[in-house]
2 protein chains.
Amino acid sequence: MENLQQLARTTFSNLPVEKQEKIVAAAVREFSRHGYKKASINTIVRDAGISKGSLYQYFHNKEVLFVFIFERFTLLVKKAVAEQGRSNVARAREGESATAEQGRSSIVRARDGESTTAAQGRSCVVGAGPEHDFFSQVGRVLLAGIEFIDRHPDYFQIYLRVLFEQDVPMREKLLAQVRLFSREYFGPLCQAGQKSGAIRSDIPLAVVIFILDATLDRFLQSYAQGALDRDLDLGQINREELLVQVKLILQVLKEGLAVYGNSGNRVV
Amino acid sequence: MENLQQLARTTFSNLPVEKQEKIVAAAVREFSRHGYKKASINTIVRDAGISKGSLYQYFHNKEVLFVFIFERFTLLVKKAVAEQGRSNVARAREGESATAEQGRSSIVRARDGESTTAAQGRSCVVGAGPEHDFFSQVGRVLLAGIEFIDRHPDYFQIYLRVLFEQDVPMREKLLAQVRLFSREYFGPLCQAGQKSGAIRSDIPLAVVIFILDATLDRFLQSYAQGALDRDLDLGQINREELLVQVKLILQVLKEGLAVYGNSGNRVV
DNA sequence: CCATAATATGACCAGGTGGTCATATTAGTG
DNA sequence: CACTAATATGACCACCTGGTCATATTATGG
């Protein structure tokens with residue numbers, strides 16, 4: 001037993017949790033501010049209040065440290081997705097009855113409140129019909145993303161940095177673990193949507209996914225770093241307005257930009 | 001006259017054009033590969049085949065060099081936009097007559113060929129009606145973007161790098177000069193579209209622009225760096241397929257994702 | 001052909017990088 | 001307490017960075 005511990009002694013996970021967290025926090029801060037390459041190990045050890053030698057005893061090199069941090073991010077994402085999925089399943093089980101209200105995220109709950117009060121006669125995005133599930137699921141995914149950013153802004157920044165830095169060590173592999181709204185996640189959703197008749201099936205699945213992915217990803221990027229978009233400037237926005245924006249965007253995705261009558265010339 | 005030349009002698013613009021181009025090419029290559037901060041002056045001078053001292057005689061420092069290069073990019077963009085605008089105006093002047101065929105870009109011409117041959121009975125995006133102008137204008141803007149990337153991939157990379165690098169010197173100012181599809185460009189277009197009845201006016205202008213911007217920007221990003229998107233993988237794609245994708249995307253933007261009958265529950 | 005002014009050069013600078021390792025400190029044990 | 005094994009430390013390394021400047025080279029005009 002001492003042998004096993006000897007092997008494990010010097011590893012990071014055997015440190016007191018408090019120290020672990022300080023190191024992680026410092027690394028997350030630095031990587032989120034500067035991406036991989038420009039992030040400074042010196043800064044990290046200074047912020048973490050440890051010596052450089054110690055850091056290199058816990059992590060073989062910069063790359064290992066970075067991958068470790070990024071994997072914490074993917075874990076958080078997986079957890080968030082799982083939660084979101086669970087609440088979706090629960091929602092489906094409860095059906096249309098407005099009594100569903102268990103331990104879900106605050107923002108999603110807030111949106112529910114909105115939609116139930118506004119669900120008298122007007123039906124914008126959250127209306128009756130077979131497409132209800134699809135578009136409100138998409139909406140919930142988006143809101144889950146927003147909530148994730150609220151909870152873990154630094155980690156999301158790291159994700160964005162990896163997304164746009166070319167020479168991050170395991171870039172492809174890391175991104176593959178996560179790709180927020182990519183085919184693996186939206187694929188089944190959209191496929192089901194097409195099957196159930198919620199969304200049109202004359203558009204190739206890839207194109208459907210592309211547009212959803214592009215819009216939602218961009219929305220989250222804008223939310224995460226308000227500077228990017230002058231158009232909708234999220235970030236300075238309050239929660240209610242944010243929900244309005246989400247609704248409008250989903251509405252456009254669903255109904256298109258053309259005025260109602262003009263969509264009549266579609267090939268059916 | 002010698003006095004004036006004396007002042008100007010040491011400047012970059014007085015170098016033989018051949019040398020200028022070599023330096024610019026080296027700088028563009030390096031900045032496109034590594035962004036601003038990680039780009040190496042040493043690499044640039046090596047690639048350009050000049051000494052470091054010379055470079056610093058032409059450009060005060062790294063920042064000045066970078067701004068100089070970026071301004072060449074904005075110039076190229078402005079030229080491309082002007083060309084695109086001119087061809088749009090010409091197109092409008094010629095009206096619906098299919099004889100319009102002056103000195104326009106190859107790819108736009110190619111798309112025209114497609115649309116005119118396909119314009120018998122089926123009307124997908126390029127159909128008759130008041131919205132024709134708007135959506136085909138958007139399409140042409142997108143194709144102009146694609147053509148720009150084909151012509152100047154390195155410059156476009158630099159643009160993307162600036163877009164996602166936080167600490168580029170004059171970042172805000174540089175981006176403001178250019179922002180490919182931002183409010184300044186799409187704003188008037190969309191406003192006109194709403195006025196002419198081509199697009200619905202129950203959606204705030206900002207939201208309309210956001211969705212167009214997000215989709216088109218993402219499309220170009222995917223096109224520029226195929227790695228980003230697994231969904232539609234552009235970049236390996238041939239021209240015809242590309243045009244099909246563009247058409248489909250515009251179609252979805254116009255008509256929405258919902259099946260035709262379901263858009264009936266919109267509030268009119 | 002020479003003298004002088006313009007230009008090109010790369011050794012050099014201070015400062016920063018990721019990474020190493022002999023040494024100091026601490027913790028565990030008999 | 002003492003001895004040893006585990007761990008923490010920061011001076012140090014080679015390398016790279018943007019930037020400088022005395023010196024060498026070239027071009028020009030007399």
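Convention: sequence-line order gives letters A, B, ...; per-chain numbering from 1.
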Visitor: Please give, in whole Å, the distance from D/dT17 P to B/Asp167 CG?
Guide: 17 Å
Visitor: Find the distance A/Leu55:CG to D/dT7:P and express it as a whole number of Å.
Guide: 16 Å
Visitor: For B/Ile50 and C/dA8, give me the distance from atom CD1 to atom P, rounded to whole Å.
Guide: 8 Å
Visitor: In whole angstroms, how far is the P atom of D/dT7 from the NZ atom of A/Lys52?
Guide: 22 Å
Visitor: Please state whether the rings of B/Phe59 and B/Phe68 are parallel, tilted or perpendicular, taking 30° and 60° as the class boundaries.
Guide: tilted
Visitor: Name the residue from A/Phe73, A/Tyr159, A/Tyr155 that meets the ring-ring contact (aromatic ring centres under 6.0 Å, His included) definition with A/Phe148.
Guide: A/Phe73
Visitor: Without decimals, in angstroms, what is the distance between A/Asn42 CG and D/dC13 P?
Guide: 16 Å
Visitor: Side chains of B/Tyr223 and B/Asp150: is there a donor and an acceptor less than 3.5 Å apart?
Guide: yes
Visitor: Evaluate salt bridge (charged side-chain N to carboxylate O under 4.0 Å, His left out) for A/Arg179 paired with A/Asp217, printing each intermediate quantity in order.
Guide: CA-CA 10 Å; A/Arg179 281 257 69 191; A/Asp217 232 26; 3.6 Å; yes
Visitor: Answer with base, sugar-phosphate or nothing: what part of the nucleic acid does B/Lys38 contact at a heavy-atom distance below 4.0 Å?
Guide: nothing
Visitor: Tell whether B/Lys62 reaches the base of D/dG19 with its side chain through a donor-acceptor pair below 3.5 angstrom.
Guide: no
Visitor: When you match A/Ile41 and A/Ser54 each to their closest nucleotide on DNA chain C, which lands nearer the 5' end?
Guide: A/Ile41
Visitor: Less than 4.0 angstrom between a side-chain N/O of A/Tyr56 and OP1 or OP2 of C/dC21, yes or no?
Guide: no
Visitor: Using atom CD of B/Gln57 as one end and atom C1' of C/dT7 as the other, report the distance to the nearest whole Å.
Guide: 6 Å
Visitor: When the distance from NZ of A/Lys37 to C1' of D/dT17 is rounded to whole Å, what number comes out?
Guide: 12 Å
Visitor: Rounding to an integer number of Å, can you tell me how far A/Lys19 NZ sits from D/dT7 P?
Guide: 11 Å
Visitor: Can you tell me how far the NZ atom of B/Lys62 sits from the NZ atom of B/Lys37, to the nearest 0.5 Å?
Guide: 8.5 Å
Visitor: Look at the side chain of A/Asn61 and decide which nucleotide, out of D/dT17, C/dG19, D/dA8, has an atom nearest to it.
Guide: C/dG19
Visitor: D/dA8, OP1 or OP2 - any side-chain N/O from A/Ser51 closer than 4.0 Å?
Guide: no
